[in-house]
Number of protein chains: 2
Amino acid sequence: MAERADWAGLRERRMGEPGAREAYQAARLAFELGRAVRELRQRRAWSQAELARAAGMTQSAVARFEAGGTIPTLPVLERLAEALDADLDVRVVPRPAA
Amino acid sequence: MAERADWAGLRERRMGEPGAREAYQAARLAFELGRAVRELRQRRAWSQAELARAAGMTQSAVARFEAGGTIPTLPVLERLAEALDADLDVRVVPRPAA
DNA sequence: CGCGAATATAGCGTCAACGCTATGATCTGG
DNA sequence: CCAGATCATAGCGTTGACGCTATATTCGCG
């Protein structure tokens, strides 16, 4: 096999329908959060299993999350952040009026 | 009745058990996000119903969320932010090593 | 080459967020 | 005092994140 995952499902959603853009943004967010957590974990030279233990979940959950396999929930993000000695901050930032 | 909601369930969770702190933090986050969204909405002089329409949901959903009744998911936050011309930003911020 | 550790997938039960409709509770203006 | 509008709750079906175990795949390392 060439790649490990292809996320075809994501790409297949047409961008025209209402809700599609938001769903896409959320998926992108999930992806970036996964990358961020992975970086923090590797910076500590932790295995997924170790992080999982510290965050109160299993290795497979960590893997799924880091890969962006699902859009994580706030409690999960909080636990991961806590395990990594980090703070989770979520904000709704008003855009400058166009 | 004195108050409209009491959230007794939340307060009743003991703080000692593993996972309790994170759950609490998530709940607090939900609360603050609810307040933030409510402020943005009121700043625009919108009713819950109007925001709901703009965000692709019903008035009851908006009410539930603004009250902190549930811990919102990222897609929902994204839609609300979008409707309010705001950006949702979520970050895992490493704490300065103690 | 194996061998073991680390990571990625798969399948599945559970539970809470979500979305809906309907209805109560408040508050206002006429 | 009533009518209309706004917001809060309730009940409920659906769906997807979560957590688990098990297994495949990858990657060094001796």
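Within every chain, numbering begins at 1; the chains are lettered A, B, ... in the order of the sequence lines, protein sequences first and strands thereafter. Note that these values count all heavy atoms, side chains included, but never hydrogens, waters or copies made by symmetry.
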Review point. So what does Val76(B) touch, heavy atoms closer than 4.0 Å: a base, only the sugar-phosphate, or nothing?
Key: sugar-phosphate
Review point. For Glu66(A), which contact category applies under a 4.0 Å heavy-atom criterion: base, sugar-phosphate, or nothing?
Key: nothing
Practice item. Please confirm whether any donor atom in the side chain of Gln48(B) sits under 3.5 Å from an acceptor in the base of dA8(D), or the reverse. Key: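 Flag unset: no donor-acceptor pair detected.
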Review point. Does any N or O donor sit under 3.5 Å from an N or O acceptor when you compare the side chain of Ser60(B) with the base of dT21(C)?
Key: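 Indeed, a donor on one side and an acceptor on the other fall under 3.5 Å apart.
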Distance check needed: [N] [atom2] versus [X] [atom1], whole Å only.
X	N	atom1	atom2	value
Leu51(B)	dT6(D)	CG	C1'	14 Å
Phe65(A)	dC20(D)	CZ	C1'	19 Å
Gln59(B)	dT23(C)	CD	C1'	11 Å
Gln42(B)	dT6(D)	CD	C1'	11 Å

Candidate nucleotides [options], ranked by approach to the side chain of [X] - the nearest:
X	options	value
Arg79(A)	dG19(D), dA17(C), dG19(C)	dG19(D)
Met57(A)	dC20(D), dA8(C), dA8(D)	dC20(D)
Ile71(A)	dA17(D), dA8(C), dC18(D)	dA17(D)
Thr58(B)	dC18(C), dT21(D), dT21(C)	dT21(C)
Thr70(B)	dG19(D), dC18(C), dG19(C)	dC18(C)

Study note, to complete from the structure: Ranking Glu50(B) and Gly56(A) by the position along DNA chain D of their nearest nucleotide, the one closer to 5' is Glu50(B)
Output yes when at least one side-chain N/O atom of [X] is less than 4.0 Å from OP1 or OP2 of [N], else no.
X	N	value
Thr73(A)	dA17(C)	no
Arg53(B)	dG19(C)	no
Arg38(B)	dT6(D)	no
Arg64(A)	dT21(D)	no

Exercise for review: Of all the heavy-atom pairs spanning Leu74(A) and Ala26(B), show the shortest one and how long it is.
Suggested key: C-CB, 4.5 Å
**Study point:** Heavy-atom pair with the smallest gap, counting every atom of Glu66(A) and Val37(A)
**Key:**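 Here Glu66(A) and Val37(A) meet closest at OE2-CG1, 4.3 Å.
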Check your understanding: Short question: side chain of Glu50(A), backbone of Ser47(A) - any donor-acceptor pair under 3.5 Å?
Key -> yes
Check your understanding: With distance as the sole test, does Arg41(B) use its side chain to make a donor-acceptor pair with the main-chain N or O of Leu51(B) at under 3.5 Å?
Key ->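 No: the side chain of Arg41(B) does not pair with the backbone of Leu51(B).
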Check your understanding: Among the clusters formed by ILVMFWY side chains lying less than 4.5 Å apart, do Leu88(B) and Phe31(A) turn up in the same one?
Key ->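 In one cluster: no.
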